[in-house]
There are 4 protein chains.
Amino acid sequence: MPVDPIQEQLIQARRNQILDAATTAFAQKGYHRATIQDVAKVAGIAAGTIYNYFENKTALLMGILERLNETERRDDDMSQMLKMDSHTFTQHYLRRRFEVLTQNGFEIFQIVLSEVLIDSDLRAIYMAQVIEPTFALAENYYAQAVGSGKIRSDADIALMLRLTSATVVGILVLRILGDREIVGKWDQIPDLLTTMMLDGILPPKGDV
Amino acid sequence: MPVDPIQEQLIQARRNQILDAATTAFAQKGYHRATIQDVAKVAGIAAGTIYNYFENKTALLMGILERLNETERRDDDMSQMLKMDSHTFTQHYLRRRFEVLTQNGFEIFQIVLSEVLIDSDLRAIYMAQVIEPTFALAENYYAQAVGSGKIRSDADIALMLRLTSATVVGILVLRILGDREIVGKWDQIPDLLTTMMLDGILPPKGDV
Amino acid sequence: MPVDPIQEQLIQARRNQILDAATTAFAQKGYHRATIQDVAKVAGIAAGTIYNYFENKTALLMGILERLNETERRDDDMSQMLKMDSHTFTQHYLRRRFEVLTQNGFEIFQIVLSEVLIDSDLRAIYMAQVIEPTFALAENYYAQAVGSGKIRSDADIALMLRLTSATVVGILVLRILGDREIVGKWDQIPDLLTTMMLDGILPPKGDV
Amino acid sequence: MPVDPIQEQLIQARRNQILDAATTAFAQKGYHRATIQDVAKVAGIAAGTIYNYFENKTALLMGILERLNETERRDDDMSQMLKMDSHTFTQHYLRRRFEVLTQNGFEIFQIVLSEVLIDSDLRAIYMAQVIEPTFALAENYYAQAVGSGKIRSDADIALMLRLTSATVVGILVLRILGDREIVGKWDQIPDLLTTMMLDGILPPKGDV
DNA sequence: CATGAATGAGAGTTCATTCAT
DNA sequence: GATGAATGAACTCTCATTCAT
């Protein structure tokens with residue numbers, strides 16, 4: 001069956017419309033409490049129509065996760081970043097991560113994270129497809145950075161990267177939880193985090 | 001109506017038995033997918049009995065959260081910690097936090113976190129009763145530490161504390177998600193984190 | 001409105017195409033489990049098109065039944081058969097019935113029978129239009145046969161005919177159920193049945 | 001878990017109550033058209049209660065079939081029948097089969113037959129557990145009868161038995177379809193059938 | 001006349017909650 | 001206080017039917 005490109009576009013548009021609605025509905029009530037009717041109502045279509053585009057409710061969740069993945073991957077021309085010094089690199093890296101978070105809307109992470117904590121199948125997918133790639137580039141960079149003496153050689157790179165990423169994840173969680181400091185100073189965070197991570201919270205040695 | 005203390009103890013024992021079962025059941029299947037029958041089966045009692053001790057299913061979740069609070073608060077004689085230097089204090093503080101996490105079992109955070117991300121009422125309670133107190137002591141200490149020049153005075157204390165806590169939260173999330181680095185090196189994390197936070201990931205100045 | 005005969009033929013062709021598809025689809029999944037989409041797919045047309053030719057799903061079933069009727073009636077020039085002796089007549093009659101069954105495909109009886117057992121409206125139609133006519137001719141013949149002494153006069157003709165027809169129906173059912181003896185020896189059955197019915201299963205009197 | 005015999009009886013009673021209701025409801029509307037609500041209404045209980053006793057709607061059908069099996073098997077002390085002459089044996093056998101049909105109520109066969117024609121899984125079960133055993137005894141007897149010269153030795157026993165059983169099945173079908181002759185003379189059928197099968201419909205040789 | 005996306009009523013099924021025992 | 005059978009509202013999903021294109 002030859003694919004009509006216009007048909008294909010219409011189908012994609014409808015799928016996106018439904019996924020947008022699902023994101024909204026799931027974020028408001030949570031995946032389980034939100035019904036297909038809720039999603040349909042938000043999308044402004046009949047409930048049955050959703051099943052012309054998605055096999056079942058779970059597929060909606062998967063669809064949201066897939067779209068998230070695409071966004072995550074869509075960028076990251078990191079070739080230049082490897083030439084930067086530690087500070088600039090870290091700064092760029094964190095800014096980029098925060099942009100991705102901000103652009104996607106936090107709802108999407110709210111949904112995905114809360115389900116991922118519960119559903120072990122989803123968890124495996126999420127780890128492999130979202131979390132791990134988030135580590136990948138930095139891991140590559142830091143390995144080189146250690147080699148060239150930019151970073152302390154006694155460090156456990158793998159673990160330290162987890163801690164760094166954990167910080168980003170944790171900030172996201174606190175943001176979703178509604179912490180006012182985090183929400184209010186969202187844009188300053190990447191740079192503050194850069195400083196904190198590179199130099200620590202102690203006063204500069206020379207200052208004492 | 002005077003309360004019979006023995007009756008009271010029996011009631012508390014039964015409540016705890018049910019909450020333990022609920023924790024187990026919710027952790028396995030998630031709050032929504034776990035049924036009251038599941039909880040009852042784990043507890044070794046009839047489903048109806050649960051309703052003699054808890055108003056409804058939501059109350060089970062609240063009960064779990066309350067018990068978590070009690071644990072969090074049960075300790076923390078921090079009076080001595082205020083006399084410590086920055087490194088020792090931070091180390092103590094992080095070790096303490098990780099102990100609490102480990103002792104409670106991660107399941108409980110898995111349950112609470114996933115629901116808290118969804119349910120805005122629960123979220124408000126959780127923020128006020130669990131997250132905020134976790135900040136409180138440190139906030140107090142660091143304010144003093146800045147005053148006495150132990151910490152760089154240009155820092156945004158409130159925000160920096162959020163970032164620190166975010167790291168702990170994020171580590172917990174990654175642990176729940178099953179990250180192998182985090183799981184394998186769990187016990188080393190508090191100390192590594194202490195170093196990283198205080199000194200940063202840059203090599204010591206003198207090394208260059 | 002004068003009917004364009006070419007139009008009429010096209011319509012009939014399309015109706016037959018759809019009924020063929022419906023027969024196939026219904027036989028595979030059963031009337032209820034087969035969807036209009038299934039029928040459309042087998043027919044190679046769109047689902048909506050079916051509704052240009054049939055009022056609803058039930059009408060498809062009726063259409064199948066009607067076509068069955070036409071086949072049943074299409075032949076049966078029985079004028080010569082009345083001149084035959086009992087054995088030849090019975091043999092011809094049974095062979096003819098089995099041909100009809102075989103030609104139509106058993107699927108059609110599978111569909112019709114299963115629905116007829118359930119739907120009382122359909123049942124009335126089926127009785128009046130299919131079963132009863134099947135009796136008619138034979139009834140006529142046997143009445144004459146009794147009159148001329150070819151058949152025992154103490155017999156209850158009407159009932160005996162039902163039993164004979166019942167045998168044919170039952171054989172069909174067993175065939176649909178997949179009985180191996182019946183399936184394997186299908187072609188021998190009319191003649192065996194002729195012998196059995198006329199002479200019984202007892203050994204010939206003279207043999208003893 | 002030790003089984004409380006009174007509990008067990010109550011459960012069986014409720015199961016039977018539900019199966020009775022299901023038989024009624026399915027016979028009226030057919031298995032597919034009858035809803036669980038219909039069954040519940042007939043049984044005078046809530047729809048959900050049915051699911052405490054049967055896994056799903058299919059299990060209701062299976063339950064009906066199982067009860068039918070039990071009835072079929074409940075009897076048949078055929079040891080004496082083997083001593084009978086052909087006529088008495090056949091008469092007893094057919095009478096017995098008709099009794100079973102009559103006692104169970106025709107609805108049950110209406111339901112089972114119509115589903116069995118459609119569902120190939122069910123068909124296999126039905127063949128193995130209901131139809132085949134119905135053949136078994138007779139097959140045994142007739143084999144002996146042929147050996148002792150009571151039945152013509154040129155007969156294909158296996159096939160002839162199918163034809164006999166087919167007749168019973170066919171009579172049942174015609175009865176369900178509402179044929180008046182069959183319904184009206186139901187009780188005479190076994191004996192008439194006996195005569196017809198043994199002696200054929202031809203007039204006795206000596207009569208000519 | 002053909003199409004097939006959209007519809008929404010209605011089905012089977014689950015499960016929190018109640019209450020007679 | 002403990003039980004667990006009964007309840008029925010609410011959910012997901014299916015599919016006959018319609019109708020704009």
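Using a 4.0 Å heavy-atom criterion, one finds that D/R33 contacts no nucleic acid atom at all. Within the nucleic acid shown, D/A34 comes within 4.0 Å of sugar-phosphate atoms alone, with no base atom in reach, counting heavy atoms only. Among the heavy atoms of the strands lying under 4.0 Å from A/T49 is at least one base atom, whether or not backbone atoms are also near. In this structure, B/Y53 reaches the sugar-phosphate backbone alone: every heavy-atom distance under 4.0 Å involves primed, P, OP1 or OP2 atoms, never a base.
With E/dT17, F/dA16, F/dA6 as the candidates, the nucleotide lying closest to the side chain of D/R14 is F/dA6. Relative to the side chain of D/Y51, the nucleotides E/dT14, F/dC13, F/dT7 differ in distance, and E/dT14 lies closest.
Classified by interplanar angle (parallel below 30°, tilted 30° to 60°, perpendicular above 60°), the ring pair B/H32/A/H32 is parallel.
Distance, B/N52 CG to E/dC19 P: 13 Å, rounded to whole Å. Rounded to an integer number of Å, the gap from C/Q37 CD to F/dT18 P is 14 Å. Rounded to an integer number of Å, the gap from NZ of A/K57 to C1' of E/dT14 is 13 Å. Atom-to-atom, CD1 of D/I50 to P of F/dA5 comes out at 16 Å; the value is rounded to the nearest Å. A straight line from CG of A/D38 to P of F/dC11 spans 8 Å, rounded to a whole angstrom. Regarding C/N56, its CG atom lies at a distance of 9 Å from the C1' atom of F/dT17, rounded to whole Å. Protein atom CD1 of A/I45 is 13 Å distant from nucleotide atom C1' of E/dG8, rounded to whole Å. Taking atom CD1 of residue A/I6 and atom C1' of nucleotide E/dG4, one finds them 16 Å apart after rounding to whole Å.
The residues A/R33 and A/D38 are annotated as not salt-bridged, no charged nitrogen and carboxylate oxygen being separated by less than 4.0 angstrom.
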